[in-house]
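What you see is a predicted model, and the numbers here were worked out from it, not measured in a lab. To find a chain, count down the sequence lines: A is the first, B the second, and so on, and within it residues start at 1.
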There are 2 protein chains.
Amino acid sequence: MTQVSKCQPRSPRQAARRRAAVDRLLDTTLFKALSDQTRATLLACLIKCGRPCSVSELAECCSVDFSVVARHLSVLARAGAVEANKQGRTVWYSARCAHLCETLHALAEAIEDWCPQLEARESSDSCPCEDHGGGND
Amino acid sequence: MTQVSKCQPRSPRQAARRRAAVDRLLDTTLFKALSDQTRATLLACLIKCGRPCSVSELAECCSVDFSVVARHLSVLARAGAVEANKQGRTVWYSARCAHLCETLHALAEAIEDWCPQLEARESSDSCPCEDHGGGND
DNA sequence: CCAATACTTGCACAATGACGCAAGTATCCA
DNA sequence: TGGATACTTGCGTCATTGTGCAAGTATTGG
């Protein structure tokens with residue numbers, strides 16, 4: 001039941017050396033994209049709209065310049081939060097809901113793997129480390 | 001099955017006016033905290049360590065100044081990602097794993113609520129809006 | 001009481017990023 | 001072909017934020 005703690009590091013230095021899913025999923029790219037209020041609003045708008053929207057349409061929902069909206073959307077696209085589909089002169093943006101949900105659930109589960117006390121879901125009972133080096137400290 | 005789409009806005013302007021759980025959960029405070037690489041490293045370190053760590057301990061895992069680490073940890077605490085427990089002259093920081101997981105799962109589910117095609121989990125079949133104003137556009 | 005420890009805060013500086021304007025590119029329609 | 005539409009990109013400005021150093025505060029132990 002508490003096999004996780006057997007492989008759990010005893011010092012932050014040891015912990016920092018361990019490589020686990022949580023490191024990869026705590027990648028800052030997506031969080032940087034979601035850390036701006038205008039981008040968060042645009043993403044929420046796309047999610048709630050439920051259909052692809054053009055840059056012009058989305059610019060009507062924001063108080064900022066059209067070019068700023070276009071740049072924000074490209075940031076969201078590079079972070080994988082939305083996807084762009086160019087048809088003619090119009091770019092249709094849509095939220096990557098499935099990808100976002102998968103990423104968020106995966107991060108939550110990667111955190112749960114390191115917290116033996118969070119046994120709500122069935123624990124894997126295995127070490128969440130992806131390497132086992134740096135044992136001595 | 002597709003009752004969600006009945007209440008789904010047809011334009012981004014309509015979508016922007018709708019208030020839903022996804023708006024509240026896309027709050028930028030937490031994402032801002034996770035958007036810095038040093039802070040992400042500190043949080044991952046706390047998660048993997050599985051026990052409260054002092055600022056001094058955590059500073060050994062980072063290449064930045066001690067005062068910078070202390071400031072980063074206070075940012076993480078204000079965002080709700082970690083919690084501080086002062087005992088004597090030492091501040092013990094620990095990851096708020098349960099809170100983080102709840103927040104992440106809740107956001108993912110709030111997104112799923114707006115995506116009728118994501119029927120993997122049982123859909124609530126109800127409108128995810130928390131208000132129903134601004135219908136005309 | 002004094003020194004050491006552990007952390008916080010003030011300050012200056014550099015880097016980053018959001019923004020608006022204007023110019024550029026690509027596409028469509030008449 | 002020429003103008004209108006839809007978006008992209010370059011550039012300068014401004015605000016925010018990350019950083020290190022140094023000084024300050026709080027707590028502990030001798």
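At a cut-off of 3.5 Å, with distance as the only test, a side-chain donor of Thr41(B) or Gln37(B) sits close to an acceptor on the other residue.
Out of dC7(D), dT19(D), dC7(C), the shortest distance to the side chain of Asp36(B) is found at dT19(D). When distances run from any side-chain atom of Arg89(A) to the nucleotides dA4(C), dT8(C), dT5(D), the shortest one goes to dT5(D).
Taking side-chain N and O atoms only, His72(B) has a distance below 4.0 Å to OP1 or OP2 of dT19(D). Within the 4.0 Å cut-off from OP1 or OP2 of dA18(C), at least one side-chain nitrogen or oxygen of Arg39(A) is found. Residue Thr38(A) places at least one side-chain N or O closer than 4.0 Å to OP1 or OP2 of dC19(C).
Between the CG atom of Asp65(B) and the P atom of dG18(D) there is a distance of 15 Å, rounded to whole Å. Distance Arg71(A) CZ to dA6(D) P: 19 Å, rounded to the nearest Å. One atom, CZ of Phe66(B), and another, P of dT9(C), lie 12 Å apart when rounded to the nearest Å. Per the geometry, OH belonging to Tyr93(A) stands 9 Å off P belonging to dC7(D), to the nearest Å. Rounded to whole Å, atom P of dC7(D) lies 9 Å from atom NZ of Lys86(A). Going from atom CD of Gln87(B) over to atom P of dT27(D) covers 13 Å, rounded to whole Å. Going from atom CG of Leu76(B) over to atom C1' of dT8(C) covers 17 Å, rounded to whole Å. In this structure, the CD atom of Gln37(B) is 16 Å from the C1' atom of dT19(D), given to the nearest Å.
Ring orientation note: the planes of His105(A) and His105(B) are tilted relative to one another, at an angle of 30° to 60°.
Comparing Val68(A) and Ala70(B) by the nucleotide of DNA chain C whose heavy atom lies nearest to each, the residue mapping closer to the 5' end is Ala70(B).
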Task: Pair Arg39(A)-Arg71(A), side-chain contact (heavy atoms from CB on, under 4.5 Å): steps then yes or no - done: CA-CA 10 Å; Arg39(A) 279 195 296 267; Arg71(A) 258 187 286 246; over 6 Å; no
Open item on the list: Go through it in stages, so that I can follow the logic: the residues are Cys61(A) and Leu42(A), the test is side-chain contact (heavy atoms from CB on, under 4.5 Å), and I'd like the CA-CA distance, side-chain angles, deciding distance and then a yes or no.
Closed with: CA-CA 8 Å; Cys61(A) 308; Leu42(A) 286 167; 5.6 Å; no
Task: Derivation and outcome, side-chain contact (heavy atoms from CB on, under 4.5 Å), residues Glu130(B) and Arg24(B) - done: CA-CA 11 Å; Glu130(B) 287 170 353; Arg24(B) 184 170 35 84; 3.7 Å; yes
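Contact annotation for Val91(A): backbone-only contact, meaning every heavy-atom pair under 4.0 Å involves sugar-phosphate atoms and none involves a base. Looking at heavy-atom distances under 4.0 Å, Ser74(A) makes no contact with the nucleic acid at all. Within the 4.0 angstrom heavy-atom criterion, only backbone atoms of the sugar-phosphate kind lie near Val64(B); the bases stay farther away.
No hydrogens or angles were tested; on distance alone, nothing pairs the side chain of Ser56(B) with the base of dC7(C) as donor and acceptor under 3.5 Å. Between the base of dC21(D) and the side chain of Ser67(B) there is a donor-acceptor pair shorter than 3.5 Å.
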